[in-house]
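To start, the structure under review is shown below, and the notes come after it.
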Amino acid sequence: MPDLLLELFSEEIPARMQAKAADDLRRMVTDKLVAEGLVYEGAKAFATPRRLALTVHGVPARQSDLKEERRGPRVGGADAAIQGFLKATGLARIEDAKIQTDPKKGDFYIALIEKPGRATIDVLAEILPVIVRTFPWPKSMRWGERSAKSGSLSWVRPLHSIIATFGPETEEPDVVKFSVDGIEAGQTTFGHRFMAPAAISVRRFEDYEAKLKAAKVVLDSQARKDIILADAKQLAFAQGFELVEDQVLLDEVAGLVEWPVALMGSFDKEFLSIPDEVIRATIRNNQKCFVVSDPKTGKLSNKFILTANIEATDGGKTIIGGNERVIRARLSDAKFFYDTDVKTKLEARLPKFEQIVFHEKLGTQAERIRRIERLAAEIAPLVGADVEKAKRAAHLAKADLLTEVVGEFPELQGLMGKYYAQAQGEDASVAVASEEHYKPQGPADRVPTDPVSVAVALADKLDTLVGFWAIDEKPTGSKDPYALRRAALGAIRLIVENNLRVGTALLLAEPARRIYQQVAKPVAGYISVPWKGQQVPQIAMDVIAFFADRLKVQLRDQGARHDLVDAVFSLGGQDDLLLVVRRVDALGKFLDTDDGKNLLAGTKRASNILAIEEKKDKRRFDGAPDAGLYNLPEEKALASAIDQVKSEAGAAVAKEDFASAMSAMAKLRPAVDAFFDKVKVNDDEPKVRENRLKLLNEIRAATRAVADFSKIEG
């Protein structure tokens, strides 16, 4: 079957846009083909700095013929309806239509429309220009004389040529005839801008890829990445160093070159006096170069690796020299920034925060720092941290945001705070908390374990959550501009992975009250609700509910069932996240056993019967059953089993031994099975019926010692 080759050759496409552009080209072309009834076998797209390319193989040579029956008006219907039918179907006269009889509605006209399939190359000539003109670049431009005309082509960079060939691999392919803004599709491309700029005539993909490689263009971006990585590692190894790998930088550099050539340069050793991260950020951000480390010390060496786009006749000396000059200047700036920052105490920077607004409804950064400082002091005893150290860490944690280095490299916030705190002689835990209080920032990020870091990190995240809840800036759908979901997941991981026993509702109560006092006007309403003998702001309870939702997501990602989280939270009073996780884990393991599955089925059956009968009688069947009304041994056995399970499971839950609580629950299973097998719940005698329904309610109440089984799916 024929194959399509398409190339759009232009000036340099920004590296950050290339991967999506290649995927968009593949998607748009293949979607159009399928919509035209042309089902293909496979497609692959490519991107280099100067071209987007696509090969689609196994495309039918032409569309299939279509036959369609179209129903028209009733025989003898209005003339206007008949004329409209003839026009829509292309029939010359109504006698050319067939008549179909409908037993209920009478006779109707039917038109048989036959539409012969078109040659695929003609279809391509229609759809490809549309795709080029409607291509979804994030940013685009017009150029040249044509740009002044209405409807001129808009593209990411000036488009120079188009290749579009179609045909079977055993024959010479045809050029798909079309033009876009004066650019005629053909079969000519161009090689490397400097090393092989001459025109190249191609036929199909294999020919195209091979000729490009001969013209110093590596078409596949993954191949370019592999070359860069392998050559960079080899260069570093040859001089006794190790490449500091950087996947994001590798992806970017592969989009900057068509013929990658790795070269090694160096910089003055005096710059090694500044932190490694500053050196790396400087070289990476400004020159898109990789750094290397000394495997003996783990510290950076004074070498870097750049990726050139040319095999230079002087072996790359000029290219290396140019990069060294720029990197020397950039590192000089970075060293000046760092040395200047170190001279100023972190605390001396804090007054500037009084003039910096954190959020118009939540006050200044200084007000936020004071809230975090106070909350960190309250959290410290709960996590085993020194209160004064936690206060000091929270006091200084944000100060590096006002330093020169962080102003230049925002990604180093926190880390630079640690270095500056160490330089001014702060306690080790206080210094580390400057970096770690931002963590964890994602599922792959590590969780701090130092108690001071944990206290400040929790305070930071809880203040953020309570604050934005108070001003009604909650996440909606896919929108979460203040990263509140990430903050909640971070708080959950801090608590669970550090095995912290923290009652989050009462912990959130005070910050919620303080937020309200500070921003009372923007808050729609302030309601307190009872919680474990205390009045807690509704805001705090709303955040707890948000934690429950985020915990479901986290547990689901870890393979647990989200409905089990509902079953545990539905018991009420569940704000100790560590205990929730332990209880969910024990419940999940129990439900994987036969006893667990059968008890769940029995409990749901009891709940369903109760729901029906309570609705019918418009009352609840709570209260203790009357043992004197037990007529059958299965009733007595179930009542006895429930009493035993209540005692054992309650004692186990009180000791937080959830595995033992589940084992106790398993003892209910035979009694429940026997009860439903032998006992008629809706007995003819009203008192017996009521007593048996109360016994069913006892099953429901007994299982609630560990979870609300009605929330469990299955």
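If you're wondering where the values come from, they're calculated on a predicted model, not measured in any experiment.
Residues R70 and I110 form no side-chain contact, since every pair of their non-hydrogen atoms from C-beta on lies 4.5 Å or further apart. Residues M662 and V706 form a side-chain contact, since some pair of their non-hydrogen atoms from C-beta on lies under 4.5 Å apart. No side-chain heavy atom of R583 sits less than 4.5 Å from a side-chain heavy atom of L579. A heavy-atom distance below 4.5 Å is found between the side chains of L591 and L564. Under the 4.5 Å side-chain criterion, counting only non-hydrogen atoms from C-beta, I609 is in contact with L693. In this structure, the side chains of L462 and L507 come closer than 4.5 Å at one or more pairs of heavy atoms. The closest side-chain heavy-atom distance from R689 to V681 is not below 4.5 Å. Inter-residue side-chain proximity for Q535 and V529 is flagged as unmet; no heavy-atom pair is nearer than 4.5 Å.
The list of salt bridge (Lys or Arg N to Asp or Glu O under 4.0 Å) pairs with a residue in residues 379-390, not counting sequence neighbours, reads K389-D427. Counting only residues at least two apart or in different chains, side-chain hydrogen bond (donor to acceptor under 3.5 Å, both in side chains) contacts with residues 22-31 comprise K20-D24, D23-R26, D24-R27. Contacts classified as salt bridge (Lys or Arg N to Asp or Glu O under 4.0 Å) and involving residues 536-546 (residues at least two apart or in different chains) are not found. Within the structure, every pair that satisfies the side-chain hydrogen bond (donor to acceptor under 3.5 Å, both in side chains) test and touches residues 432-451, not counting sequence neighbours, is listed here: K398-H437, K418-E435, S429-D450, E436-R446, E436-S453, K439-D445. Sorted by first then second residue, the ring-ring contact (aromatic ring centres under 6.0 Å, His included) pairs that include residues 655-696, not counting sequence neighbours, number zero. Pairs engaging residues 543-591 under the ring-ring contact (aromatic ring centres under 6.0 Å, His included) rule: W469-F546 [sequence neighbours left out].
Checked by atom type, the side-chain pair N697/R700 shows a donor-acceptor distance below 3.5 Å. Side-chain atoms of R368 and T464 include a donor-acceptor pair closer than 3.5 Å.
A search for salt bridge (Lys or Arg N to Asp or Glu O under 4.0 Å) contacts involving K636 returns nothing, not counting sequence neighbours. Residues that satisfy the salt bridge (Lys or Arg N to Asp or Glu O under 4.0 Å) test with E473, not counting sequence neighbours, are absent from this structure. Listed by chain and residue number, nothing satisfies the side-chain hydrogen bond (donor to acceptor under 3.5 Å, both in side chains) test with R374 (two or more places apart in sequence, or in another chain). Legend: residues meeting salt bridge (Lys or Arg N to Asp or Glu O under 4.0 Å) with D592, ordered by chain and number and at least two apart, are absent. The salt bridge (Lys or Arg N to Asp or Glu O under 4.0 Å) test applied to E690 returns R619, K694, not counting sequence neighbours. With sequence neighbours left out, the ring pair (Phe, Tyr, Trp, His ring centres under 6.0 Å) criterion links H359 to F468, Y482.
Between the CZ atom of R501 and the CG atom of L382 there is a distance of 11.5 Å, given to the nearest 0.5 Å. One distance of note links OG of S64 with CG of L38; it measures 8.0 Å at 0.5 Å rounding. Taken from CD1 in I495 to CG in L577, the straight-line distance is 4.5 Å, to the nearest 0.5 Å. Expressed to the nearest 0.5 Å, how far CG of L555 lies from CZ of R550 amounts to 11.5 Å. In this structure, CD1 in I539 is found 9.0 Å from OG in S528, a value given to the nearest 0.5 Å. The line from CE of M28 to CG of L33 is 12.0 Å long, rounded to the nearest 0.5 Å.
For R370 and E373, the salt-bridge test fails: no basic side-chain N is under 4.0 Å from an acidic carboxylate O. A salt bridge is defined here as a Lys NZ or Arg NE, NH1 or NH2 lying under 4.0 Å from an Asp or Glu carboxylate O, and K680 with D683 fails to meet this definition. Between E635 and R692 there is a salt bridge, since a side-chain N of the basic residue sits under 4.0 Å from a carboxylate O of the acidic one. Salt bridge D563/K711: absent, no basic N to carboxylate O contact under 4.0 Å. Look at D595 and R669 and you find a salt bridge, because one of the NZ, NE, NH1 or NH2 atoms lies within 4.0 Å of a carboxylate O, short of that distance. A salt bridge does not link R561 to D566: none of the charged side-chain nitrogens sits closer than 4.0 Å to a carboxylate oxygen. Checked for salt-bridge contact, R74 and D102 miss the test: no charged N lies under 4.0 Å from a carboxylate O.
Counting all heavy atoms, side chain and backbone alike, A671 lies closest to A641 at CB-CB, 3.8 Å. Here the shortest heavy-atom pairing between K604 and S710 reads NZ-O, 3.7 Å. The minimum heavy-atom distance between P440 and R493, with the atom names listed, is CB-NH1, 3.6 Å. Pairing each heavy atom of V456 with each of A397, the nearest pair is CG1-CB, 4.4 Å. Contact detail for A394 and I369: the closest heavy-atom pair is O-CG2, 3.9 Å. The nearest pair of heavy atoms linking A639 to Y630 is CB-OH, 3.5 Å.
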>> side chain to side chain contact (heavy atoms under 4.5 Å, CB included) for F358 and T364? Distances and angles first, verdict last.
In response: CA-CA 5 Å; F358 169 66; T364 64; over 6 Å; no
>> Between L587 and I712, does the side chain to side chain contact (heavy atoms under 4.5 Å, CB included) criterion hold? Intermediate values first, please.
In response: CA-CA 10 Å; L587 182 58; I712 301 173; 4.0 Å; yes
> What do the steps show when you test E378 against R371 for salt bridge (charged side-chain N to carboxylate O under 4.0 Å, His left out), and what is the final call?
Replying inline: CA-CA 11 Å; E378 294 167 355; R371 292 197 304 266; over 6 Å; no
> Are L632 and K678 close enough, and set up right, to give a side chain to side chain contact (heavy atoms under 4.5 Å, CB included), and what steps lead you there?
Replying inline: CA-CA 9 Å; L632 299 173; K678 299 293 185 181; 5.5 Å; no
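Within 6.0 Å of NZ on K474 lie more than 12 heavy atoms contributed by other residues, nucleotides or ligands. In K391, the NZ atom is not crowded: 12 or fewer heavy atoms of neighbouring residues, nucleotides or ligands sit closer than 6.0 Å.
Remark: the backbone N or O of K589 is not paired with any side-chain donor or acceptor of T593 at under 3.5 angstrom. With hydrogens and angles disregarded, no donor-acceptor distance shorter than 3.5 Å links the side chain of K655 to the backbone of S660. Of the possible donor and acceptor atoms, one in the side chain of N498 sits under 3.5 Å from a partner among the backbone N and O of L494. T703 places a side-chain N or O within 3.5 Å of a backbone atom of I699 that can act as its donor or acceptor partner. One N or O on the side chain of N598 and one on the backbone of D594 form a donor-acceptor pair closer than 3.5 Å. For E656 (side chain) and V653 (main-chain N/O), no donor-acceptor pair under 3.5 Å exists by modelled atom type. Side-chain atoms of D585 do not come within 3.5 Å of backbone N or O of V581 as any donor-acceptor pair.
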